[in-house]
Amino acid sequence: MAQGTLYIVSAPSGAGKSSLINALLKTQPLYDTQVSISHTTRAKRPGENHAEHYFFVSVDEFKRMIQEDAFLEYAEVFGNYYGTSKAAIEQVLATGVDIFLDIDWQGAEQIRRRMPQARSIFILPPSKEELGRRLRGRGQDSDEVIARRMAQAVAEMTHYAEYDYLIVNDDFDLALSDLKTIIRAERLLLSRQALRHDALITKLLAD
């Protein structure tokens with residue numbers, strides 16, 4: 001069986017990364033594509049379920065996993081730990097399922113060192129003006145917070161060249177089509193197709 005592919009997806013806040021991943025997953029069966037579920041030490045919020053939204057663990061458990069080198073990447077954010085389990089990812093990939101990991105450029109850098117075979121996708125907004133409009137359109141943040149997010153977005157976008165693929169999310173449907181095309185192309189790679197169709201190729205080449 002061909003291994004699944006780990007896709008790292010990064011983008012500045014407001015570029016539409018999460019919306020694109022969610023839209024993609026709705027078009028793909030679970031036996032083909034899944035989204036990675038992270039471990040976290042933060043408290044469970046209303047409506048969240050263990051092993052569905054996150055793997056909720058204690059700080060002691062998380063630190064034990066760090067000591068055991070159990071994470072592909074991890075970070076501390078506002079006093080809470082977040083991490084991607086190496087064993088969980090490898091277990092799913094071994095079944096031939098592709099996994100999407102929504103993560104920032106720093107986490108992507110950690111994962112590339114541990115899993116160089118992972119493919120990475122960076123999503124850009126069509127302009128700074130549109131990015132600002134999307135952030136303001138959420139109606140959640142003050143002008144000061146939005147200005148800070150915009151500055152952070154520019155810093156994040158300087159890392160686009162570290163990725164394998166680049167998508168500009170101007171037209172959502174076109175960006176989603178681009179994302180599907182990347183997956184299709186990766187699945188058609190000779191190395192994966194040769195494993196998937198080994199029996200057929202053997203018969204075709206038989207005398």
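The figures that follow rest on heavy atoms only: side chains count, while hydrogens, waters and symmetry mates do not.
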If you round to the nearest 0.5 Å, how far is [atom2] of [Y] from [atom1] of [X]?
{"X": "Leu101", "Y": "Leu6", "atom1": "CG", "atom2": "CG", "value": "6.0 Å"}
{"X": "Thr84", "Y": "Gln110", "atom1": "OG1", "atom2": "CD", "value": "9.0 Å"}
{"X": "Arg134", "Y": "Asn169", "atom1": "CZ", "atom2": "CG", "value": "5.0 Å"}
{"X": "Arg148", "Y": "Ser13", "atom1": "CZ", "atom2": "OG", "value": "12.0 Å"}

Side-chain touch [X]/[Y], heavy atoms, less than 4.5 angstrom:
{"X": "Leu179", "Y": "Phe100", "value": "yes"}
{"X": "Tyr7", "Y": "Ile99", "value": "no"}
{"X": "Pro125", "Y": "Met157", "value": "yes"}
{"X": "Glu48", "Y": "Phe56", "value": "yes"}
{"X": "Tyr54", "Y": "Arg42", "value": "yes"}
{"X": "Ser10", "Y": "Asp104", "value": "no"}

Practice task
Write out all pairs satisfying salt bridge (charged side-chain N to carboxylate O under 4.0 Å, His left out) with one or both partners inside residues 80-90, taking only residues at least two apart or from two chains.
Solution key: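 Listed once each, the pairs would be none.
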Handout entry: Of all pairs that satisfy salt bridge (charged side-chain N to carboxylate O under 4.0 Å, His left out), the ones with a partner from residues 168-184, not counting sequence neighbours
Key =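 Output for this query is empty, none listed.
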Handout entry: Residue pair Thr5, Glu186: steps toward the side-chain hydrogen bond (donor to acceptor under 3.5 Å, both in side chains) verdict
Key = CA-CA 8 Å; Thr5 299; Glu186 287 289 334; 5.0 Å; no
Problem - Output field: ring centroids Tyr81/Phe62 closer than 6.0 Å - result: yes
Practice task
Could you tell me if the ring centre of Tyr82 sits under 6.0 Å from that of His39?
Solution key: no
Got more than 12 heavy atoms from elsewhere within 6.0 Å of [atom1], [X]?
{"X": "Phe55", "atom1": "CZ", "value": "yes"}
{"X": "Lys44", "atom1": "NZ", "value": "yes"}
{"X": "Glu144", "atom1": "CD", "value": "no"}
{"X": "Glu130", "atom1": "CD", "value": "yes"}

salt_bridge([X], [Y]) N-O dist < 4.0 Å:
{"X": "Glu109", "Y": "Arg112", "result": "no"}
{"X": "Lys203", "Y": "Asp198", "result": "no"}
{"X": "Asp143", "Y": "Arg136", "result": "no"}

Practice task
Show your working on side-chain hydrogen bond (donor to acceptor under 3.5 Å, both in side chains) between Thr33 and Asp98 and close with a plain yes or no.
Solution key: CA-CA 5 Å; Thr33 311; Asp98 293 334; 4.8 Å; no
Practice task
Establish, yes or no, whether the cationic atom of Arg119 lies under 6.0 Å from the six-membered ring centre of Tyr163 and within 45° of the ring axis.
Solution key: no
Exercise for the section: Kindly say whether Gln193 contributes a backbone atom to a donor-acceptor pair with the side chain of His197 at under 3.5 angstrom? Expected result: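 Answer holds: no.
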Practice task
Indicate whether the side chain of Arg64 and that of Gln67 have a donor and an acceptor atom separated by less than 3.5 Å.
Solution key: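 Side-chain D/A pair, Arg64 to Gln67: absent.
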Handout entry: Under 3.5 Å side-chain donor-acceptor pair for Thr40 and Asn80
Key =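 Checked: Thr40/Asn80 side chains show no N/O donor-acceptor pair below 3.5 Å.
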Exercise for the section: Looking only at non-hydrogen atoms, find the nearest pair between Ala108 and Ile103 and report the distance. Expected result: N-CG2, 4.0 Å
Practice task
Applying side chain to side chain contact (heavy atoms under 4.5 Å, CB included), name anything that partners Pro29, two or more places apart in sequence or on another chain.
Solution key: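 Here the qualifying residues are Tyr31, Asp32.
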